[in-house]
Every structure is written in structure tokens, then in C-alpha cells.
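Residue numbers begin at 1 in each chain, while the letters A, B, ... track the order of the sequences.
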Amino acid sequence: MSSSDDEVVLSKRARPAKNSYQESDEEDDTPLADISNGNLKEESGKKRKSSSKNSSKPKKQKVKKEKKEKKEKKEKHKKSKLKTEVKSEASESLQTPESSPIKKKAEKEELKSEKEEDDEDDDKFKWWEDDTYNDTNINGNGEKKWDTLEHNGVIFPPPYEPLPSYVKLYYDGKPVNLPLEAEEVAGFFAAMLDSDHTKNPVFQQNFFKDFLIVLKENGGSNVEITDFNRLDFTKMFDYFVKLREEKKSMSREDKKRIKEERDKFEEPFKTCLLNGRKEQVGNYKVEPPGLFRGRGAHPKTGRLKKRVLPEDITLNLGINVKIPEPPQGHKWGEIRHDNTVAWLAMWRENISDSFKYVKFAATSSIKGLSDFKKFETARNLKYHIDAIRNDYTKLLKDQLMQNRQMATATYLIDIFALRAGGEKGEDEADTVGCCSLRYEHVTLKPPNKVIFDFLGKDSIRFYQEVEVDKQVFKNLRIFKKSPKQPGDDLFDRITPSILNKQFQTYMKGLTAKVFRTYNASKTMQDQLDLIKNEGTVAEKVTKFNAANRTVAILCNHQRTVSKTHSTSIAKIQDRILELKWQKNRLKKIILLINPDEKSKNSKFFKGINELNKTQIKNVHKIVIERMIDQAQKKRLREKEKESLTGTCAFTDEDLKKKLESIKELQQEYAEELASGDPKIPKGASVDKLKNQIENLENRITNTQFQLQDKEDNSEVSLGTSKLNYIDPRLIAVFSKKFEVPIEKLFSKTLREKFNWAIESVDENWRF
DNA sequence: ATTTCGACTTAGGAACCACAGT
DNA sequence: ACTGTGGTTCCTAAGTCGAAAT
């Protein structure tokens with residue numbers, strides 16, 4: 001969604017401003033003295049004020065420049081900490097995860113597990129069957145993530161390919177001669193001229209600023225460029241479109257050959273050697289340069305994302321392994337041997353000055369194990385959730401403001417699956433989570449209705465009108481009480497880190513995000529429990545998807561409705577109408593053949609006139625148009641064949657005849673519409689017709705079902721919860737118990753990622 | 001105590017691909 | 001055989017959270 005869209009949404013939003021109803025607090029919601037602190041929080045009210053007007057945000061004006069120096073200092077420290085300590089750390093720590101990892105099959109492994117010698121290399125290593133992964137510290141909870149690591153570095157994007165000299169950027173209609181570096185940047189913009197990014201003024205201006213910088217740095221151009229709006233990228237755009245098309249229309253063989261060559265080249269980068277075993281690497285390609293596509297109203301959207309050079313890259317690998325060759329004429333930025341981390345390479349990115357990592361693939365043992373641990377932690381929450389809910393319910397009335405806020409926030413995180421919501425900077429999109437909710441994001445409707453309306457992660461809107469616990473309602477009212485006003489934090493005495501610290505007192509590893517995982521998986525299990533083991537596989541899959549959907553809705557996983565959505569819905573509706581028309585028409589024919597049928601089974605003929613004349617007329621039109629269209633297309637195809645082979649199965653003459661017969665049919669339909677009675681086709685019999693009708697009825701229900709599903713799914717994204725939140729063992733169990741092939745529930749990559757779950761789980765497993 | 005950093009998970013959209021329906 | 005279409009994979013942005021730095 002473009003930023004201008006966001007603005008629309010924002011302005012549409014209800015601005016609570018002043019709540020009309022009067023506060024009539026009873027004991028429970030008397031405002032609380034802030035015992036906690038002697039109000040060092042006084043200034044919290046000013047925090048974000050900004051929004052638009054009166055800002056003067058003094059807040060975190062930290063001097064950004066000094067960063068560089070710090071950085072350098074730190075590198076030194078890092079170096080020294082390497083391997084020596086690893087050994088010692090390794091042996092201690094390790095409390096082992098709560099419920100012991102999958103033990104099944106452990107016996108069988110006994111013989112070979114000793115030292116886990118042989119089974120490497122055959123790239124089917126099953127960490128979940130390996131005892132050493134249960135209670136040793138290989139990628140354990142301690143520091144050490146690996147013993148040895150060897151890889152071939154990373155793939156860099158191809159160098160810039162200059163435009164042919166006849167393709168230019170224009171300014172005031174004049175061709176501009178650009179230095180290559182600037183041409184590349186202009187090309188980034190031109191190439192995406194058909195996306196809405198390039199229509200966003202923030203994107204345009206950010207791009208333009210960086211473009212001018214690059215232009216100046218590289219000697220400028222023949223034309224003085226000062227105004228973005230006088231630039232014309234269309235010639236460049238057209239050229240890119242042409243390139244795209246050429247690529248698309250390449251012959252099948254050429255495409256295949258190119259793909260094979262590429263695969264061969266990439267092969268060495270796709271895998272690495274982790275503890276002597278071959279493992280997949282995830283993103284082995286360095287991100288190419290381009291224009292930053294921030295989501296939502298990101299202040300930096302459109303900025304130039306610079307090309308990453310080998311000199312920018314830090315490689316991480318084992319101490320005694322071969323260091324991959326850097327590209328010709330280049331050197332690696334740094335070589336590290338840090339086995340406390342799980343990345344192979346890293347670089348600093350210039351938009352927000354943060355790191356990008358080359359990591360293992362989701363199928364790797366390292367990722368698999370940490371995924372497994374994530375779910376075990378979430379699963380462990382079931383033993384504590386009652387106590388936690390009990391406590392926060394009580395603490396909702398606590399005298400200490402901080403405790404009340406903590407309890408209220410926990411309630412929101414637990415019940416509505418909100419994210420923690422850390423502070424964000426001025427140079428990022430304004431999005432919030434629980435702890436960063438502001439006055440204007442929550443509207444209160446007595447007695448206990450709350451409307452949440454804010455932009456969450458990825459600027460996805462969270463809008464819910466809900467009823468909440470009485471005391472939660474009272475608390476929210478207190479948190480909004482004057483002098484608070486729009487722009488102020490609701491939860492001004494807590495942060496995610498305070499919350500998380502509290503959570504840890506209940507359970508090791510418990511943080512705000514664990515609630516999302518727990519509630520998602522718990523919901524999935526409950527939903528799956530409701531499904532009866534009956535019907536076809538397809539039906540069970542549909543029900544499974546419906547369960548998946550409730551989870552996605554819980555987590556607010558959305559997707560923007562596709563541009564073609566409404567037309568494709570309309571198409572399906574048309575098809576349903578057409579099927580109904582056919583069905584009713586056949587019924588009418590039955591009655592024409594044998595009027596007695598009606599008294600025999602009046603129910604059967606009940607909806608026979610469900611379509612009105614306009615609808616029928618419309619169906620007629622669609623049917624006729626489609627026939628004409630098909631005939632003409634057929635002729636076109638044959639024409640081509642004719643020009644090649646000289647023979648032709650469908651001549652212009654044939655087409656003409658065909659069109660005439662369609663005309664006749666059209667005429668018939670018109671008469672039928674007037675009289676209400678169709679013509680009886682030759683050879684029709686009541687039995688045959690009934691058969692056809694049954695067929696149609698099936699198709700109608702199927703299509704209607706399909707339509708419903710599509711509608712329901714149009715703005716819900718099921719994938720995210722399946723990938724990140726639903727314990728895959730739940731799905732594996734469902735597959736087994738309900739005899740639904742796992743292929744119907746997990747795509748190939750998901751099956752690989754969750755192989756540990758699929759292979760280890762037994763039918764009675766519960767989350 | 002608070003802020004920043006570093007490493008990792010979570011997220012939606014674009015690009016790509018396989019396949020059903022004509 | 002062709003072509004939309006929907007599902008899958010790729011891409012990388014945007015979160016979370018513990019630890020280090022101040």
C-alpha cells in the first residue's frame with residue numbers, strides 16, 4: 001500500500017480527542033499515586049507528542065556521529081573472545097529444555113550415537129534422532145553454536161550493465177548524459193515506474209536527493225537538474241520493459257540452458273559444512289543495490305541502497321578452514337571465527353545502519369533445533385498460564401501504577417495477541433505494539449467496549465472492536481486520563497524489557513512473543529479437535545484450512561486483496577448464475593416433456609424461477625459472447641496454421657457459418673426469455689435430464705463453496721502462522737490421524753523445514 | 001537505569017512456476 | 001496447445017529481545 005493510502009486511513013480514523021462520558025470511579029479505579037518512583041517519569045507525557053504539530057521532541061537526540069568510533073573499539077574486544085572460552089563454557093550451562101527433546105528411537109541410535117561418527121555426509125542427518133543434540137551443547141542453550149564451519153562465501157550481484165547510448169533520461173525534454181553511476185540509480189527508479197512507489201512523493205524526493213548526490217560525486221551531467229518533476233524516465237522504462245519481454249520470449253531451451261548454467265555456478269554457495277556435515281545455506285546472495293522500499297509511511301523510502309563490496313563483508317567460519325577467495329581484485333572486509341553465532345557472513349547496510357546476515361537455511365539442523373526449542377518453550381507455558389492469568393487478573397487492581405499497567409498489558413498480549421511493542425525512532429514508520437500504544441489508538445465505549453485502531457508491524461492495520469474485562473476497561477480509562485492527550489503513551493511506566501523480566505519469574509524463556517506462539521498453537525489444537533474424521537480428503541483439508549484461518553485472524557496476519565480479486569469474484573458469481581440457469585432450464589424441459597413430474601416431486605421444482613429476467617438475460621449474453629469469442633479465436637489459430645502448412649480445419653467460411661448458428665441460438669434465447677419455455681432438445685429424456693441436473697447441482701455447491709472460501713481468505717494470510725506459529729507437530733498428527741497426506745498440508749519447503757516434526761511425532765501427541 | 005547494539009525471528013509482497021480449464 | 005490463476009518460493013524489511021555500553 002502506498003503511503004498516500006496510509007494517510008487516508010489515518011485521517012479517516014476516529015480521533016477520540018475528548019471522551020464524553022463522565023468518570024465515575026469506584027474504589028478500584030481511583031487514580032493511583034505513583035508510589036513506585038517519585039515520578040521520574042514525569043516527562044513521559046511528552047514522549048511522542050510529535051505526531052504532527054507541537055513537537056520539539058527533545059528525547060533521544062543522541063549524537064549519531066560518534067558511532068563510528070565506537071564501532072572500531074568494539075571490534076578489538078570481539079576478537080579476543082574467540083575460541084578459548086568456548087571450551088569451558090561448553091561443559092557447564094545447559095539446563096536442557098523443559099520437556100526433554102524427542103526421545104523416540106533413541107535406543108536405536110544408541111550404538112552409533114556414541115560419537116555420532118558415521119552418519120554424516122549422507123546429507124540426511126537427523127539431528128532429532130541424535131542424542132548429542134538432546135543434552136550436549138551443540139547449538140545448545142549456552143554459547144557454542146558449532147564446532148567447525150566451512151563455506152564458500154557469498155554470491156555478489158552482477159555488475160551494472162550500462163544502457164545503450166540511445167536510451168536516455170530526459171530533463172525538460174532534453175536528453176541527459178549521465179555518468180554510469182548515476183545512470184544506474186536513475187535506472188532503479190525507471191525500472192519501477194509502474195509500481196506505486198514511484199508515485200509516492202516521499203519516495204520520489206528521497207530518491208532524487210540520493211540521485212543528485214551520486215550525480216555530483218561522479219562529475220555531474222550536461223544538463224543542470226534541480227527539479228524532480230522535470231525528469232522523464234519513460235524512455236528508460238520502455239527499454240526495461242523491452243528487455244523483460246525479450247527475456248520472457250526466449251525459447252524454452254535457452255531458458256533452460258541459462259538456468260542450468262546459473263545453478264552450476266551457484267552450487268558451491270548453496271551448502272556449507274557444519275560440524276563436518278553438509279547443510280543448506282539460506283540467503284547466500286548478497287542483496288543487490290536498489291532503492292529502499294520501506295513499508296507503510298517510511299521516512300526513508302526511496303533512498304539509495306548501496307552496492308555491497310567484498311570489503312564490506314565479514315565472513316564467519318571455523319578457525320582452521322580454508323578462507324574462500326574474494327572476487328578478483330578485492331579483499332574481504334574481515335574474517336571472524338565466532339562459534340557463538342549462527343551466521344556465515346554479514347555486512348552493514350546503509351539505510352538504517354544495521355546488519356544483514358547470511359544465515360543457514362530453514363532446513364538446517366541449527367535452525368531446526370532452535371525452532372523446536374521455540375515450540376517447546378511455548379508449549380511449556382501451558383503449565384504456567386493459569387497462574388499467570390490469575391495473577392494479572394488480581395494485579396489489574398493493584399495500587400501500584402506500574403503493576404496495573406503491567407497486568408493490563410499482559411492481558412492485551414495474552415487475549416488479543418498483541419506484540420510487545422518497542423520504542424521506534426523518528427526515522428522509521430510510525431507503528432506500534434502493546435507497550436507503545438498511544439492515546440489515539442484506543443477508544444473506549446462504556447460499559448466495556450474497546451476499539452483498537454493502530455498500525456502494527458509492517459504498517460498492517462489492527463482494527464478490532466472488542467469487549468474487555470471490566471477492570472481492564474477501567475484501567476485503560478485511567479491510562480488515558482488527563483493530562484494525557486493524543487500522542488501520549490498509554491503505558492508510560494512499562495517497556496517490553498520490564499514486562500519480559502516479569503515474565504521470566506514465572507518461567508524461564510518466557511517473553512511477550514511466546515504468548516503469541518502459545519495462543520496460536522493452542523488455538524490450532526482446539527480447532528483441530530473440533531473436526532470430525534469424516535468426509536473426503538478435500539473436505540478435511542478445507543476444514544483444516546478453516547482452523548488455520550482462525551489462527552491467522554488471531555495473529556492479525558493480513559494480505560492486501562489482489563487487484564484482480566473483485567473481478568474474479570464476479571466471474572465466479574457469473575458462473576454460479578449460469579449453472580443455476582442451466583439447471584432450471586433443464587427442469588423446465590422436464591416439465592415440458594412430462595408435466596406430471598411436478599406433482600410427483602414438487603420440491604424438486606421449487607426454485608425453478610429463482611432467477612429474474614435481467615439475470616437470465618445477462619446469462620444469455622455471457623453465453624453468446626463466449627461462443628463468439630471462442631469461434632473467432634479458433635479461426636485465428638487456424639489461420640496461423642494455414643500460413644504455415646497451407647491446410648486449415650476451420651476456414652473463414654466455417655467461421656461465418658458458425659457465427660450464423662450462434663445468431664440463431666441468440667434468437668432462440670430471446671424467444672425463450674419472452675415465453676419462459678425452452679425448446680425441447682432432440683433425444684432428451686427425463687432420466688437423462690435428471691442426471692444432468694444432479695451433476696449441475698454438485699457443481700453449484702462446489703462453486704459456491706469455493707466462492708465463500710475465496711472471500712473469507714481474500715485478506716487473510718494463512719502462510720505466516722503455518723510457517724512461524726503453529727507447532728508443526730500438530731499438523732503432522734492431524735495428517736496421520738485423519739489420513740490426509742502431509743503434502744496437502746505442507747508444501748515441499750515446509751515439509752523439509754518441519755521434517756523433524758513429521759518424522760518424530762506420534763499420533764497421540766498434544767501441544 | 002537507560003540506551004544502543006547485535007543477532008535472531010517474523011512478515012507481506014514480488015517473482016516465479018505448475019497446472020487446471022478451455 | 002495456451003493461458004490465466006493460484007500456490008510456492010524468493011526477497012528483504014521490520015519486528016523482538018538479551019547483552020553490552022554508557
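- Here dG13(B) is the nucleotide among dT10(B), dG13(B), dG6(B) with the atom lying nearest to any side-chain atom of Thr560(A).
- Contact annotation for Gly719(A): no contact, since no heavy-atom pair falls under 4.0 Å across all strands.
- Within the nucleic acid shown, Lys457(A) comes within 4.0 Å of at least one base atom, counting heavy atoms only.
- Leu418(A) has its CG atom 16 Å from the C1' atom of dT10(B), to the nearest Å.
- Nearer the 5' end of DNA chain B, as judged by each residue's closest nucleotide, is the contact made by Arg293(A), out of Lys259(A) and Arg293(A).
- Per the geometry, CG belonging to Asp196(A) stands 13 Å off C1' belonging to dA14(B), to the nearest Å.
- Residue Arg303(A) is tested with Leu291(A), Ile351(A), Val202(A) for a side-chain contact (heavy atoms from CB on, under 4.5 Å); the sole match is Ile351(A).
- Computed from coordinates, the Phe372(A) CZ to dT9(B) P distance equals 15 Å when rounded to whole Å.
- Contact annotation: His557(A) side-chain N/O to dT10(B) OP1/OP2 distance is not under 4.0 Å.
- Residue-level contact check: Glu752(A) touches neither bases nor backbone, having no heavy atom under 4.0 Å from any strand.
- When heavy atoms are screened at a 4.0 angstrom cut-off, Gly433(A) is found touching no nucleic acid atom at all.
- Regarding contacts with the backbone of dC17(C), a side-chain N or O of Asn500(A) is found under 4.0 angstrom from either OP1 or OP2.
- For Lys744(A), the NZ atom counts as loosely surrounded, since its 6.0 Å shell holds 12 or fewer non-hydrogen atoms of other residues, nucleotides or ligands.
- OP1 or OP2 of dG18(C) sits under 4.0 Å from a side-chain N or O of Gln504(A).
- For the 3.5 Å distance criterion, the side chains of Gln558(A) and Asn556(A) qualify, holding a donor opposite an acceptor.
- Looking at which nucleotide of DNA chain B each of Lys501(A) and Thr720(A) is closest to, the 5′-most match is held by Lys501(A).
- An OP1 or OP2 oxygen of dT10(B) is reached within less than 4.0 angstrom by a side-chain nitrogen or oxygen of Lys374(A).
- Crowding of Lys374(A) atom NZ: a count of heavy atoms from other residues, nucleotides or ligands under 6.0 Å exceeding 12.
- Side-chain proximity of Thr511(A) to dA7(B), dT10(B), dG18(C): nearest is dG18(C).
- Within a 6.0 Å radius of NZ in Lys270(A), other residues, nucleotides and ligands contribute more than 12 heavy atoms.
- Checked against Ser721(A) for a side-chain contact (heavy atoms from CB on, under 4.5 Å), the options Val716(A), Leu554(A), Val551(A), Thr517(A) give a single hit: Val551(A).
- Taking the side chain of Tyr357(A) as heavy atoms from C-beta on, and the options dT9(B), dG18(C), dC8(B), the nearest nucleotide is dC8(B).
- Using a 4.0 Å heavy-atom distance criterion, Arg575(A) is classed as making no nucleic acid contact.
- At whole-Å resolution of the value, NZ in Lys255(A) and C1' in dC16(B) are 11 Å apart.
- Summarising the geometry, the separation between CG on Leu243(A) and P on dA15(B) is reported as 15 Å, rounded to the nearest angstrom.
- The two residues Lys753(A) and Thr363(A) come nearest to each other via the heavy atoms N-CG2, 3.9 Å.
- Remark: aromatic rings of Phe462(A) and His441(A) are distant, center separation not under 6.0 Å.
- A centroid separation of less than 6.0 Å is found between the aromatic rings of Phe292(A) and His298(A).
- In terms of phosphate contacts, Ser497(A) brings no side-chain nitrogen or oxygen within less than 4.0 Å of OP1 or OP2 of dT2(B).
- Between the CZ atom of Phe360(A) and the P atom of dA7(B) there is a distance of 14 Å, rounded to whole Å.
- Rounded to a whole Å, the CH2 atom of Trp343(A) is 13 Å from the C1' atom of dC8(B).
- Put simply, Arg348(A) has a side-chain N or O that comes within less than 4.0 Å of OP1 or OP2 on dG6(B).
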- request: Let me have a per-nucleotide readout for nucleotides 3-12 of chain C, 5' to 3', with B, S or -, counting only protein heavy atoms under 4.0 Å.
  value: --SS-SS-SB
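- With Trp347(A) contributing its side chain and Gly333(A) its backbone, the two residues share no donor-acceptor pair below 3.5 Å.
- Between Glu376(A) and Asn380(A), the side chains place no donor N or O within less than 3.5 Å of an acceptor N or O (distance only, hydrogens not considered).
- Going from atom CD1 of Ile498(A) over to atom P of dG18(C) covers 13 Å, rounded to whole Å.
- Remark: Arg419(A) is in phosphate contact with dA11(B), judged by side-chain N or O atoms under 4.0 Å from OP1 or OP2.
- Comparing the end axes of the helix from dA1(B)-dT22(C) to dT22(B)-dA1(C), each fitted to five base pairs by superposing C1' atoms of four pairs onto the next four, gives an inter-axis angle of 10° (nearest 10 degrees).
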